[in-house]
Q: 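Have a look at the structure that comes next, please.
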2 protein chains.
Amino acid sequence: MTSTDRPVTARTTRQRRAVSAALVDITGFCSAQEIHGIVKGRGDAVGLSTVYRTLQAMADSDEVDVLRTDEGEALYRRCSSGHHHHLVCRDCGRTVEVEGPTVERWADRIAADHGFADVSHTLEIFGRCETCG
Amino acid sequence: MTSTDRPVTARTTRQRRAVSAALVDITGFCSAQEIHGIVKGRGDAVGLSTVYRTLQAMADSDEVDVLRTDEGEALYRRCSSGHHHHLVCRDCGRTVEVEGPTVERWADRIAADHGFADVSHTLEIFGRCETCG
DNA sequence: AACTTCATGGGAACGATTTTCATTCCCACA
DNA sequence: TGTGGGAATGAAAATCGTTCCCATGAAGTT
C-alpha cells in the first residue's frame with residue numbers, strides 16, 4: 001500500500017538520457033523549460049511533460065537538487081549526494097555546493113530549544129561571484 | 001527615475017484595513033487565498049486581486065514575511081521588523097521567529113571564502129511542535 | 001517474436017498570481 | 001464643505017509554470 005505507486009522497474013529511454021546529458025553541461029540552476037529548450041536545441045526531441053516527469057523523478061531519487069525562484073519557479077541542477085546547501089551567483093547562476101556542520105547544528109539546536117522535533121531546513125545563499133563582480 | 005513607480009501616497013482603505021486585521025489573528029503562515037477567505041468570512045468583502053496587491057505591498061515594505069511552499073505557493077504572515085528566520089510547525093503552521101548571528105556570520109563567511117559579494121540568504125526551519133508531537 | 005508494463009507527448013486542464021480597465025474612493029487643497 | 005485627479009478596487013481575462021489524460025510507442029522479459 002504505497003502512497004504513490006511508482007513503476008516497479010525504471011526504464012532507460014532516449015529521452016531520459018537526453019535530459020541527463022543536458023544536466024551534465026549545466027553549471028548553474030535551470031528551469032524545466034530551459035532544460036527542455038537545451039535538449040531540443042541539440043536536436044533531441046523530447047516532450048515538455050517528459051522533461052518535467054524526468055526531472056521530478058530525478059529529484060525524488062536525489063539525483064538533482066531543486067530550489068525555488070522568488071517567483072516560485074522550480075530550478076534544477078545535478079548534484080552530489082548527501083545533505084548540502086548552495087551558494088548561487090545572482091547574475092550568472094554559477095553554483096557552489098557548500099556543507100555546514102555549523103548551521104546544521106545551529107538549526108537543530110534552535111528547533112530543540114523550542115520543542116520542535118523531526119527537524120529539517122532549507123538554506124540558500126545568494127551573491128555575486130568574482131567573475132560577475 | 002525609479003524602476004517601479006509606486007504611488008506617491010499610500011491610502012488607508014477599508015480593504016487594506018481588513019487584510020491587516022486578518023493578519024493580526026493569524027498565528028502561522030497563510031496563503032493569499034486563505035487570507036481572502038478569512039476576510040470574506042468576516043463579512044468584509046474584498047476582491048482577491050486586492051488581497052494579492054495589498055499583501056505584495058506589505059511584503060515590499062517589510063510589514064509581512066513571505067515564504068514559499070514546496071509547491072511554490074506563497075505564504076504570508078505579519079512579522080517583526082529586522083532580519084530574522086522562521087521555525088515553522090509542519091502540522092499546525094505555528095511559527096517562531098528566530099535570530100541567528102551564528103548563521104548570518106557563517107553564510108557571509110562561506111560566501112566570502114568563495115569570492116562572492118553582495119550576499120543574502122534564505123533560511124527556514126521546519127519541524128513538529130510540542131502540541132502536535 | 002509475442003507480450004506485458006512502462007514511458008512518451010501533445011494538448012487540455014489546473015491553479016496561483018497578475019493584468020486590464022472601467023468604476024469608485026481618498027484626500028489635499030481651494 | 002466641494003471638488004479634481006491620482007490611487008485603489010474588483011470582476012473577468014490573461015499569464016505561465018506545471019500536471020493530467022490517454023492513445024500510441026518503446027523496453028525489457030519469456
Side-chain angles (χ1 to χ4, degrees), chain A residues 2-22 29-61 63-77 93, chain B residues 2-23 29-61 63-77:
Chain A
T2 44
S3 49
T4 43
D5 48 314
R6 75 181 89 181
V8 181
T9 56
R11 292 179 181 173
T12 310
T13 65
R14 172 181 64 78
Q15 292 84 339
R16 292 182 187 181
R17 256 177 270 123
V19 171
S20 292
F29 278 90
C30 285
S31 70
Q33 318 233 16
E34 285 173 327
I35 292 171
H36 179 234
I38 293 172
V39 169
K40 199 157 56 179
R42 291 185 175 179
D44 294 321
V46 177
L48 182 55
S49 343
T50 301
V51 172
Y52 272 105
R53 264 188 308 244
T54 304
L55 249 16
Q56 211 163 250
M58 296 181 82
D60 286 345
S61 56
E63 292 173 69
V64 297
D65 282 327
V66 190
L67 63 79
R68 296 240 169 220
T69 290
D70 279 347
E71 294 84 46
E73 189 180 13
L75 301 182
Y76 304 85
R77 176 174 179 278
Chain B
T2 44
S3 49
T4 43
D5 47 314
R6 77 181 86 181
V8 181
T9 57
R11 292 180 180 172
T12 311
T13 65
R14 174 182 62 78
Q15 291 84 338
R16 291 182 185 178
R17 256 177 271 122
V19 171
S20 292
L23 284 167
F29 278 90
C30 285
S31 71
Q33 317 233 16
E34 285 173 326
I35 291 170
H36 179 235
I38 293 171
V39 169
K40 198 156 56 177
R42 290 185 177 180
D44 294 321
V46 176
L48 183 55
S49 344
T50 301
V51 173
Y52 272 104
R53 268 188 301 241
T54 303
L55 250 16
Q56 211 164 250
M58 296 181 81
D60 285 346
S61 56
E63 292 172 69
V64 296
D65 282 328
V66 190
L67 63 79
R68 296 243 168 216
T69 290
D70 279 346
E71 294 83 45
E73 190 180 9
L75 301 181
Y76 304 84
R77 177 172 179 280

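Letters go in sequence order (proteins before strands), and every chain restarts at 1.
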Q: CG of B:Leu75 versus C1' of C:dA16: gap in Å, rounded?
A: 12 Å
Q: Using a heavy-atom cut-off of 4.0 Å across all strands, would you classify B:Ser31 as base, sugar-phosphate, or nothing?
A: nothing
Q: Is any side-chain nitrogen or oxygen of B:Ser49 closer than 4.0 Å to OP1 or OP2 of D:dG10?
A: no
Q: Would you say B:Arg14 places a side-chain N or O within less than 4.0 Å of OP1 or OP2 belonging to C:dT24?
A: no
Q: In whole Å, I'd like the distance from the CZ atom of B:Arg17 to the C1' atom of C:dC26.
A: 11 Å
Q: Does any residue of residues 32-47 of chain A have a heavy atom under 4.0 Å from DNA chain C, and if so, which ones, in number order?
A: A:Ala45, A:Val46, A:Gly47
Q: Starting at atom CG of B:Leu55, determine the distance to atom P of C:dA16, rounded to an integer number of angstrom.
A: 14 Å
Q: In whole Å, what is the span from the CG atom of A:Leu48 to the C1' atom of D:dT18?
A: 8 Å
Q: Check the distance between D:dG25's C1' and A:Arg16's CZ and give it to me in whole angstrom.
A: 14 Å
Q: Could you tell me if B:Ser61 and B:Glu63 have a donor-acceptor pair between their side chains, going purely by distance under 3.5 Å?
A: yes
Q: Taking atom C1' of D:dG4 as reference, at what distance in whole Å does atom CZ of B:Arg11 sit?
A: 11 Å
Q: Using modelled atom types only, decide if a donor and an acceptor are shared between the side chain of A:Arg68 and the backbone of B:Asp70 within a distance under 3.5 Å.
A: yes
Q: Is there a donor in the side chain of B:Arg17 and an acceptor in the side chain of B:Ser20, or the other way round, less than 3.5 Å apart?
A: no
Q: Has B:Gln15 got a side-chain N or O lying under 4.0 Å from the OP1 or OP2 atom of D:dA8?
A: no
Q: Under the 3.5 angstrom rule, does the side chain of A:Arg14 hit a backbone N or O of A:Val46 as a donor-acceptor pair?
A: no
Q: Search all heavy atoms of B:Tyr76 against all heavy atoms of B:Ile35 and return the closest pair with its distance.
A: CB-CD1, 4.2 Å
Q: May I ask you to say what B:Thr12 touches in the nucleic acid, namely base, sugar-phosphate or nothing, with a heavy-atom cut-off under 4.0 Å?
A: sugar-phosphate
Q: Taking the side chain of B:Thr13 as heavy atoms from C-beta outward, which of D:dG10, D:dA8, D:dG17 is closest to it?
A: D:dA8
Q: Side chain to side chain contact (heavy atoms under 4.5 Å, CB included) for A:Asp65 and A:Phe29? Distances and angles first, verdict last.
A: CA-CA 9 Å; A:Asp65 282 327; A:Phe29 278 90; 4.0 Å; yes
Q: For the side chain of B:Arg68, counting heavy atoms from C-beta on, which of C:dT17, D:dA8, C:dA7 is nearest?
A: C:dT17
Q: Does B:Arg53 have a side-chain nitrogen or oxygen under 4.0 Å from the phosphate oxygens OP1 or OP2 of D:dA8?
A: no
Q: Distance check: side-chain N/O of A:Tyr52 vs OP1/OP2 of D:dT18, anything under 4.0 Å?
A: yes
Q: Where the side chain of A:His36 meets the backbone of A:Gly47, is there a donor-acceptor pair that is under 3.5 Å apart?
A: no
Q: Please tell me which of B:Glu73 and A:Thr9 maps to the more 5' nucleotide of DNA chain C, matching each residue to the nucleotide holding its nearest heavy atom.
A: A:Thr9
Q: Would you say a side-chain N or O of B:Gln56 is under 4.0 Å from OP1 or OP2 of C:dT18?
A: yes
